[in-house]
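Remember, predicted model here, so these are calculated numbers, not experimental data. We name chains A, B, ... by the order of the sequence lines, and we start the count at 1 in each one.
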Protein chains: 2
Amino acid sequence: MSLDSKRPLTLRDVSEASGVSEMTVSRVLRNRGDVSDATRKRVLAAAKELGYVPNKIAGALASSRVNLVAVIIPSLSNMVFPEVLTGINQVLEDTELQPVVGVSDYIPEKEERVLYEMLSWRPSGVIIAGLEHSDASRAMLRAAGIPVVEIMDTDGVPVDAMVGISHRRAGREMANAILKAGYEHIGFMGTKMPLDHRARKRFEGFTEVLAKSGIEIEDRAFYSGGSALAKGREMTQEMLERSPELDFLYYSNDMIGAGGLLYLLDQGIDVPGQIGLAGFNGVELLQGLPRRLATMDACRLEIGRRAAKIIADRLAEPEGAHSDNVTLTPTIAYGDTLKRR
Amino acid sequence: MSLDSKRPLTLRDVSEASGVSEMTVSRVLRNRGDVSDATRKRVLAAAKELGYVPNKIAGALASSRVNLVAVIIPSLSNMVFPEVLTGINQVLEDTELQPVVGVSDYIPEKEERVLYEMLSWRPSGVIIAGLEHSDASRAMLRAAGIPVVEIMDTDGVPVDAMVGISHRRAGREMANAILKAGYEHIGFMGTKMPLDHRARKRFEGFTEVLAKSGIEIEDRAFYSGGSALAKGREMTQEMLERSPELDFLYYSNDMIGAGGLLYLLDQGIDVPGQIGLAGFNGVELLQGLPRRLATMDACRLEIGRRAAKIIADRLAEPEGAHSDNVTLTPTIAYGDTLKRR
DNA sequence: ATGAAAGCGCTAACAA
DNA sequence: TTGTTAGCGCTTTCAT
């Protein structure tokens with residue numbers, strides 16, 4: 001039974017309850033140094049009996065070691081970032097490190113605030129989405145003196161390390177595949193997110209390749225808010241009514257692409273004969289659709305794993321001359337909505 | 001420019017750079033007490049110039065105040081918990097409080113570990129999913145001496161406060177609606193998760209009502225892993241081949257329900273005439289489907305908001321005789337897959 | 001194998 | 001308005 005005092009328990013309480021010095025209690029609780037089996041047992045018993053929970057704040061201050069890894073991502077509400085977190089978790093679970101997640105909502109100022117807030121807890125490392133940050137944020141990252149891994153994107157220069165894919169290249173490859181398949185009248189749909197740099201880069205790579213063949217995007221639409229699947233449906237209908245000549249629709253993410261696909265199937269339109277479709281991300285959801293949408297994997301899980309690995313390795317071996325820039329190269333999944341060749 | 005030393009900056013550095021005592025610097029940085037405008041400016045300038053980031057660890061230890069709220073949820077990989085987090089965030093954003101998320105993967109031992117880990121940072125409050133926890137977890141929650149809100153479920157006794165819906169009632173209501181609509185041969189599909197107590201309670205409520213009408217579930221199937229949409233598809237096909245007499249399928253979540261719906265539409269089966277369908281959660285995704293699946297909202301956003309509100313209020317006003325048990329009552333969304341009456 | 005002393009970087013409480 | 005003095009609860013370091 002625990003004493004029902006209001007004051008949280010301290011090492012001292014355990015020390016008194018077990019008749020052992022605070023120092024020894026501390027050693028037992030951290031499995032450090034030599035402690036006789038007898039005292040170890042007494043201490044453990046006392047701690048459990050009291051229901052003692054160590055105070056990491058005091059511990060961290062004294063040891064100036066904090067096993068926290070700050071993870072900053074733009075959003076939790078599309079499946080992509082949770083999957084990155086899963087990857088990070090998988091790797092950190094085998095270490096002492098604990099991820100702590102902050103969300104920036106794609107807003108640089110908010111990212112800056114969140115970063116500041118997290119750095120003030122003196123984490124051992126930072127994993128942060130994207131290569132674009134405010135000057136202040138970049139300065140903080142550099143000044144923190146801890147491993148920093150920028151993830152998702154490799155089209156740019158990292159503060160320290162980076163793990164991701166080239167979204168520009170992803171856009172280019174999809175454009176090439178589409179042209180090779182013979183499509184010529186292309187529409188684009190995406191999110192209304194000027195600050196989603198990865199979507200922007202994909203788009204840039206995409207149009208760049210089209211331009212080389214003298215082709216331009218013939219119609220485009222952007223949405224914000226609401227159910228992506230429903231928006232994909234609506235936007236597709238509207239776009240095809242507006243631009244019936246289109247023979248290919250490129251979506252900036254799989255969810256709206258799936259919405260478009262469902263709409264076209266509803267309408268009995270021949271996919272990919274009459275109209276081809278492609279999305280981006282390789283979300284699991286697509287497996288359950290009546291046809292598999294063409295897409296490109298964003299390597300989310302792997303990115304999370306590699307990033308966490310870099311942090312863990314650096315902390316374990318602070319010496320090594322680390323140059324950790326990992327570019328993963330996803331390939332196109334043609335599915336059933338993009339003619340092959 | 002910051003001095004490129006390896007040692008992190010301290011208040012003392014700012015104090016020296018600005019020629020003001022540490023105490024006054026501290027006051028400026030926290031907007032506390034009276035500080036002349038002149039010194040305030042000097043301090044702020046010095047801090048910015050150096051790129052000082054306060055050390056919350058030291059601050060928290062000294063003040064024994066930590067504006068962290070521990071949030072413990074079973075998973076990030078279905079849309080339900082991220083949405084709860086959104087609600088929590090919305091409310092906490094207007095306060096000093098910061099949510100910190102831990103994931104238990106539906107495993108009590110892991111929940112216990114995560115809780116222990118989080119409590120060791122001495123948060124100001126805890127929001128934790130579910131009412132079922134290990135004895136040790138419950139003991140920790142009680143002993144922590146901070147506000148604890150158990151969320152999602154209200155079928156049980158909370159340690160302190162709770163916010164959620166009655167899943168048993170949700171199951172009962174759906175069963176009633178199904179019976180009233182005249183369906184009699186019912187199949188059930190769900191996740192293979194003995195530890196998802198909310199799904200279990202819905203199922204219990206569901207079968208309880210059926211039993212009163214002398215009806216039993218005639219077939220059932222459970223899945224784990226993989227794309228829920230795809231699993232819903234497969235399981236539905238298999239079940240109907242096995243049990244062609246079924247005229248209603250009740251799914252434990254909307255994703256597998258959506259998979260089933262897509263399958264039935266593919267097959268040209270009359271929904272809800274020949275077969276009725278219902279899921280659970282009210283996920284946004286359903287809006288984009290060719291037919292709207294019948295479902296019941298889990299009130300995710302509202303649960304998050306109310307829980308955060310309770311924590312914030314208690315901390316603002318530690319006196320009030322709080323008895324915070326909030327039961328939200330979702331209603332059935334009939335959609336297009338459940339006959340009305 | 002165990003203990004004592006000092007101090008991590010900050011803030012509460014009081015003094016000037 | 002500003003500064004001084006004691007810790008917060010632990011761990012480091014050194015002694016025993």
Heavy-atom pair of closest approach, residues [X] and [Y]:
| X | Y | answer |
| --- | --- | --- |
| A:E22 | A:S15 | N-OG, 3.5 Å |
| A:L29 | A:L11 | CD2-CD2, 3.9 Å |
| A:E112 | A:S134 | OE1-OG, 2.8 Å |

Would you say [X] places a side-chain N or O within less than 4.0 Å of OP1 or OP2 belonging to [N]?
| X | N | answer |
| --- | --- | --- |
| B:R30 | C:dA12 | yes |
| A:S36 | C:dT2 | yes |
| B:Y52 | C:dG9 | no |

- Note on the structure: dist A:I73:CD1 -> A:S104:OG (nearest 0.5 Å) comes out at 8.0 Å
- Task: Kindly compute the distance separating CG (B:D34) from CZ (B:R40), expressed to the nearest 0.5 Å.
- Result: 9.0 Å
- Taking A:D313 for its side chain and A:I310 for its backbone only, find out whether a donor-acceptor pair lies under 3.5 Å. no
- Tell whether A:R122 reaches the base of C:dG9 with its side chain through a donor-acceptor pair below 3.5 angstrom. no
- Going 5' to 3' on DNA chain D, which nucleotide is the first and which the last to come under 4.0 Å of a heavy atom in chain A? D:dG9 to D:dT12
- Whole angstrom value for the distance that separates C1' of C:dT11 from CZ of B:R12: 16 Å
- Message: Taking the nucleotide of DNA chain D with the nearest heavy atom to each, does A:S26 or B:D34 sit closer to the 5' end?
- Response: B:D34
- Residue whose nearest DNA chain D nucleotide is more 5′ - B:E22 or A:T10: B:E22
- Among C:dT11, C:dG3, C:dT2, the nucleotide that comes nearest once only the side chain of A:S21 is considered: C:dG3
- Query: So what does A:R32 hit on the nucleic acid, given a heavy-atom distance under 4.0 Å: a base, only sugar-phosphate, or nothing?
  - Reply: nothing
